[in-house]
There are 2 protein chains.
Amino acid sequence: MINPNAYITIKNLLEFNISLKLGLTTKTVQKDTVFLEAGQHCHYFYYIVKGFVRVYYIGLDGNEITHWFSAKDTMITSPFSFFKHEENIVYFEALEDTELLLINTTQLDKIMSQSQYAEKAYRNLLAEFAMVLSRRIMSIHNETAERRYLNLMQSHPLIFQKAKLSHIASYLGVTPQSLSRIRKNI
Amino acid sequence: MINPNAYITIKNLLEFNISLKLGLTTKTVQKDTVFLEAGQHCHYFYYIVKGFVRVYYIGLDGNEITHWFSAKDTMITSPFSFFKHEENIVYFEALEDTELLLINTTQLDKIMSQSQYAEKAYRNLLAEFAMVLSRRIMSIHNETAERRYLNLMQSHPLIFQKAKLSHIASYLGVTPQSLSRIRKNI
DNA sequence: GAGACTGGTTACCCTATGGTAAAAAGGGAA
DNA sequence: TTCCCTTTTTACCATAGGGTAACCAGTCTC
């Protein structure tokens, strides 16, 4: 599922950048480029200004498993690595030409400590994120793959424009063959 | 999975309670009592002072599905209801005599706005929670039920002392019969 | 000790999904 | 258009897990 809408908008971030002298940098990534790899520490909270990103990891059997998709105006990071300095296991791949705004720990802390608004927005973002994940676990435990597929189509049609069916299959927790079968039955 | 260790400890909370005049209340719940039901708004962030709680919801087929377990010194709430005022769909059930510390929105906001420390701890808690959920989704998509069972036994042995196998089965995403089969094969 | 519960296991068959392999369908590039 | 490459679909069989139902074991009550 796409990350919840960012509560801190680009506009806000750019304002913070000016007023707090954060020195935020941007990064441009071409289509089909992996810009974060497993094993590399994730230094940033990324704000996706433009583009579309797939987060995946390598499963026990060596296959890529899509963990989530992230669209324009949402934020992503590798929580394990960014927050806890644990080994990063996910890959970030741009599924189209993508423009990122990079926010490191220091900058994030600075924003949080200087702005009540940002702090609250950020807390909201985290809570929202937890809810999205929670709902997803419920969906896995309570719905068939077909139902999950239909729900995803309805709630995030954009994914179907940007990602391959094989990406979507592993996101839904089935093989591409199964997804194909499911699509046939509809 | 049990909620991440609370970063705000009871001791902290009680100190906040005195210094910020929060007027926190406690609640005692007997074994096998449901103290929050689907449909009821969840007014509190609960700190579990003592005891053990199971969070579950009713699946499409009418069965109870355990969403998570929460032990002593962790916090729980129904995020959808507490944060977003959406319809609450989960039940909180005390699996043993349980003592709760109740924190409502106003009190939580007051703590956050008055203490940098609490605010940071709380942010940490949310991030940690998102990570636990994230890891759980990965585990569902990448590991067999048997593996998940063994992992749970290792990481949260307490659950096996407090909860029934049928609770654990639905938590792992299988039927009690399947769990029984899995246990037999070990 | 005999019922009556509850939780857990077993047995049976069934279905959804997995795995391998091959075929089909698209989509550039020359 | 034709070739090549990638993605998707089909076909086949294998398997994990589901659903129903019965059974067993522990525990409580009378």
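Note that this is a predicted model, so its numbers are computed, not measured. Lettering follows sequence order; numbering is per chain, from 1.
Residue A:Val174 has its side chain nearest to C:dT17 when only D:dT9, C:dT9, C:dT17 are considered. The A:Ser178 side chain lies nearest to C:dG18 when the options are D:dG17, D:dT7, C:dG18.
One finds a side-chain N or O of A:Ser180 lying less than 4.0 angstrom from the OP1 or OP2 phosphate oxygen of D:dT9. Taking 4.0 angstrom as the limit, A:Ser166 places none of its side-chain polar atoms (N or O) nearer than this to OP1 or OP2 of D:dT7. The phosphate of C:dG18 (OP1 or OP2) has a side-chain N or O of A:Thr175 nearer than 4.0 angstrom. Close to C:dT9, at under 4.0 Å from its OP1 or OP2, lies a side-chain N or O of B:Arg183.
Residue-to-nucleotide contacts include no donor-acceptor pair under 3.5 Å from the side chain of B:Arg181 to the base of C:dG8.
For the residue pair B:His67 / A:Ser134, a side-chain donor-acceptor distance below 3.5 Å is found, with atom types taken as modelled. With 3.5 Å as the limit, one finds no donor-acceptor pair spanning the side chains of B:Arg147 and B:Thr144. B:His167 and B:Thr66 share no donor-acceptor pair across their side chains, judged by distance under 3.5 Å alone.
In this structure, the CG atom of A:Leu172 is 11 Å from the P atom of C:dG18, given to the nearest Å. As a whole-Å value, the separation of B:Glu143 CD from D:dA16 C1' is 16 Å. For the pair B:Ile140 CD1 and D:dG17 P, the computed distance is 13 Å after rounding to whole Å. One interatomic measurement links the two molecules: NZ of A:Lys184 to P of C:dT17, which rounds to 15 Å at whole-angstrom precision. The separation between A:Leu95 atom CG and D:dT7 atom P is 12 Å, rounded to whole Å. Following rounding to the nearest Å, A:Asn185 (CG) and C:dA16 (C1') show an atom-to-atom distance of 11 Å. Separating the CG atom of B:Asn142 from the P atom of C:dT17 is a distance of 18 Å, rounded to the nearest angstrom. Rounded to a whole Å, the CD atom of A:Gln177 is 16 Å from the P atom of C:dA23.
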Only pairs under 3.5 Å count here: list side-chain donor-acceptor contacts from residues 18-37 of chain A, not counting sequence neighbours, and write none if there are none.
| residue | atom | partner | partner atom | Å |
| --- | --- | --- | --- | --- |
| A:Ser19 | OG | A:Glu15 | O | 3.1 |
| A:Thr33 | OG1 | A:Gln30 | O | 2.6 |
| A:Thr33 | OG1 | A:Lys31 | O | 3.4 |

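Look at B:Glu86 and A:Arg135 and you find a salt bridge, because one of the NZ, NE, NH1 or NH2 atoms lies within 4.0 Å of a carboxylate O, short of that distance.
The nearest heavy atom of DNA chain C to A:Ile182 and to B:Pro176 marks one nucleotide each, and the one closer to the 5' end goes with B:Pro176.
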